[in-house]
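Worksheet: one structure, shown below.
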Amino acid sequence: MEKKSYKIKGMHCASCANIIEGTFKKTDGVTSVEVNYGTEAVKIAFDDKKTNLEALSKKIEPFGYSIVMPSENEPEINQSKKEKLDEIKDQKNKVISAIPLAVISIFIMAWDILSQLKIVSPMNYDTSEFFHHLLPIMASYMLFVVGKPYLLGAYRFFRYGKANMDSLIGIGTITAFFYSFIVTAFEGPLGKFINVEQTYFDVTIVVITFIALGKFLEARSKLKTGDAIEKLLNLQAKTALVIRSGSEKEISVNEVVHGDLIVVKPGQKIPVDGVVAAGTSFIDEAMVTGEPMPKEKKVGDTVVAGTINTNSAFTFKATKIGSETLLAHIVKMVQDAQGSKAPIQALADKISGVFVPIVLVVAFLTLLTWLGLGTYYLGFLKALSFGLMSFVGILVIACPCALGLATPTAIIVGVGKGAKEGILIKDAATLEKLYKVNTVVVDKTGTITKGKPELVSIKNYSPRDASGQSNLNEEEVVAILAGLEKNSEHPIAYAVMEYAKNNSIEIAEAQKFEIIKGKGLRGTINKKEYFAGNAKLISDLKISFDLKTIEAETLQGKTPVILATKSEIIAVFMIADAIKPEAIEAINNLHKLGISLVMLTGDDKNTAEAIAKQVGIDRVVAEALPEDKLVTIKTLQAEGKVVAMAGDGVNDAPALAQADVGIAMGTGTDVAIETAGITLLGGDISKMVKAIKLSKITMRGIKQNLFWAFIYNIVGIPIAAGLLYPFFGVLLNPIFAGLAMAFSSVSVVGNSLRIKGMKL
Ligand code: ADP
Ligand code: MG
């Protein structure tokens, strides 16, 4: 059963996520479910013989939620964005209508306080009577129109016993409203027992205004946290210019098939992934890889969908279409990662899950305490008034809204920011782990060196004839080696093939070709068996070879490739791979972050150490077989290190998976992308520094958010309960509770958005 994501409508808070998750968990046929308030989506797997989407949606509809059904015609993201925009517009209208009412209420309240302090004279009787009748009307509008969601929340609590944040606000404002309403309606008979002049219509009005304003601002900024996905989707070209039956024809990108020849004019987007078939051009890949410089692409080079052709027209063959393109993979990865839960969130989830019922209990106990103890010390009238204030205040300030937003909003922004820089993060857990990394293990070829090695020297040892001439000339030994390397994908093979091509050497035909893992390869040419590889391979063959003869070159960082038959050495080739200039700086920066570097390579020990010294790597593990790579990671972990491993090849996959964080470089092979927690597009090690910094700032953002979200509740609830009253005579007016509430959510989302602008 596959886990799929669906958007959910009607979520207002973290406890909504708990209610929905709880309901689905109890549903027959559902095998796994994860609801995320940050993305307002559910990740669910279910047995479609036992239940379906409609039935699932029906289950949560009584509580005020529904699943947004995926539509065939429109991408889900646009659909849910449109709905979100409508919802926000509606929220905005309500807030605009509420603000004047809140201003009037605050004005009356302020006048009242000022007149009690004898700063202004009291309102005259007519004015005061006018407001006395205006307030209930305004409060009714606020509660029944603007505050409808909270009213429904309270209703659901009484009907189904499920309480979310809306229920708390609802119960609080309803209490204030109905108490005031009854007092005003039965002024005469009640006047004997309580102070009928004391009403709380203003509390209803102002609290709902603040909460609605907060929700509106929150929803608006939350929309901005997720815009990275939208930007990625906009990179996708809508049409493609294909060559069909000899002529160019513009078709929808969905109609492109594998093997189509596609023409891209300057300034146009590349519609699908493929390989250049004719022409050359510079292509701007910044939007996909984050690399600022346009890259030259020649025949045989790969191009990816979403990048832009800058200067001249060229033709390419489509190799990956639709959901196979790199861009589609990136979108999916970003979406999944944004929807995933960070382990740090578990605590917040647990707390908000039990928070609402606890708060309800606390609020009731507080009211009872006021009525009991308060009446004893202050008399019934004051106690009732204070008790009500406390009750409403607690319900309002206790909302763990901000708590539910703290982690997901920061994750959404962090993951999105990464994608913009060509840093693809698999899930929130990876992002959370990355900042703890203190050891980075890197591959040599392609990570520290350019991965475009060159064959720089040849020593021909082939058997001599009578005249002392070699049996095979230089061209012939290259032809044999190239015949073997033709079948390999190692960068060494690339160097050999280039050399053969540039020197117009005809490549020999090899049979029975076989890779010898971590050592080299073998094959048969003209019925004779040949081996090519490193010193290990030669010692396996039990051929004696004096490594001293190549020491001078390996100490310069060149890699030896030894060509041999079963019994004798034929030739030794030296391969040089230039160091990436940016590697030195990146390693320097990693050191500054307190990270030590280990180079892990299958290459010759001298070669590896020479390179490591040049770039400042701390530790070298050379001549490693693929299985040694895995062991090295385990050893480092056993030393207590938190290890990130950067690799590219298929044989790195187990080590990538074992590392605390696996980092795939370049577009990599598909295997590496899937095993890796992080993919650095464009294959540049300096991005590793950025990725770690990103993790650090995202985690710092989350911790700040959690702090701010908690502090409001921790400080607010006791004050609202009146704990300070016996000592300082201070009681929190529910209006300030509303203000604090709105402010906490908005500040949390705002803090998350700040991550967007931070320098990596
Ligand atoms: P790495 O990617 O770190 O080089 P590999 O396991 O891919 O690790 O290769 C280990 C070593 O085996 C290489 O450094 C090289 O000496 C030898 N080798 C691998 N492939 C080839 C090849 N195609 N031709 C010659 N030597 C090879
Ligand atoms: Mg390799």
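As the structure lists them, so they are numbered: ligands from 1, and atoms in each ligand from 1. FYI, side chains are in, hydrogens and waters are out, and symmetry mates aren't considered; it's all heavy atoms of this structure. Because the structure is a prediction, the values reported are computed rather than measured.
Between S281 and N309, the side chains place a donor N or O and an acceptor N or O closer than 3.5 Å (distance only, hydrogens not considered). Judged purely by distance below 3.5 Å, without hydrogens or angles, the side chains of N503 and E475 never pair a donor atom with an acceptor atom. At a cut-off of 3.5 Å, with distance as the only test, no side-chain donor of D427 or S340 sits close to an acceptor on the other residue.
Open room surrounds NZ on K605; 12 or fewer heavy atoms of other groups in view lie less than 6.0 Å from it. Surrounding NZ of K420 are at most 12 heavy atoms belonging to other residues, nucleotides or ligands under 6.0 Å away. A 6.0 Å sphere centred on CD of E627 holds more than 12 heavy atoms belonging to other residues, nucleotides or ligands.
The distance criterion of under 3.5 Å between nitrogen or oxygen atoms is met by T601 with respect to ligand 1. Between A532 and ligand 1, no pair of N/O atoms sits closer than 3.5 Å. Ligand 1 has a nitrogen or oxygen under 3.5 angstrom from a nitrogen or oxygen of E485. Residue H490 places at least one N or O, backbone or side chain, under 3.5 Å from an N or O of ligand 1.
Nearest to atom 26 (N) of ligand 1 by heavy-atom distance, out of A608, G533, G518, A622, is G533.
Heavy-atom separations between K629 and ligand 1 include at least one value shorter than 4.0 Å.
Residue contacts with ligand 1, taken as heavy atom pairs separated by less than 4.0 Å, involve L521 solely via side-chain atoms from C-beta onward. Neither the backbone nor the side chain of K536 has a heavy atom within less than 4.0 Å of ligand 1.
Each of the following atoms of ligand 1 lies closer than 4.0 Å to a heavy atom of K519: 12 (O), 17 (C), 18 (N). Close approach of ligand 1 to N534 (heavy-atom distance below 4.0 Å) involves ligand atoms 11 (C), 12 (O), 16 (O), 17 (C). For ligand 1 and S488, the ligand atoms under 4.0 Å from any heavy atom of the residue are 23 (N).
Applying the side chain to side chain donor-acceptor pair (under 3.5 Å) test to every pair with at least one member in residues 553-564, sequence neighbours left out, gives these pairs: S457-E553, K459-E553, T554-N606, Q556-K558, T559-D603. Pairs engaging residues 477-504 under the salt bridge (charged side-chain N to carboxylate O under 4.0 Å, His left out) rule: K486-E509, E498-K501 [sequence neighbours left out].
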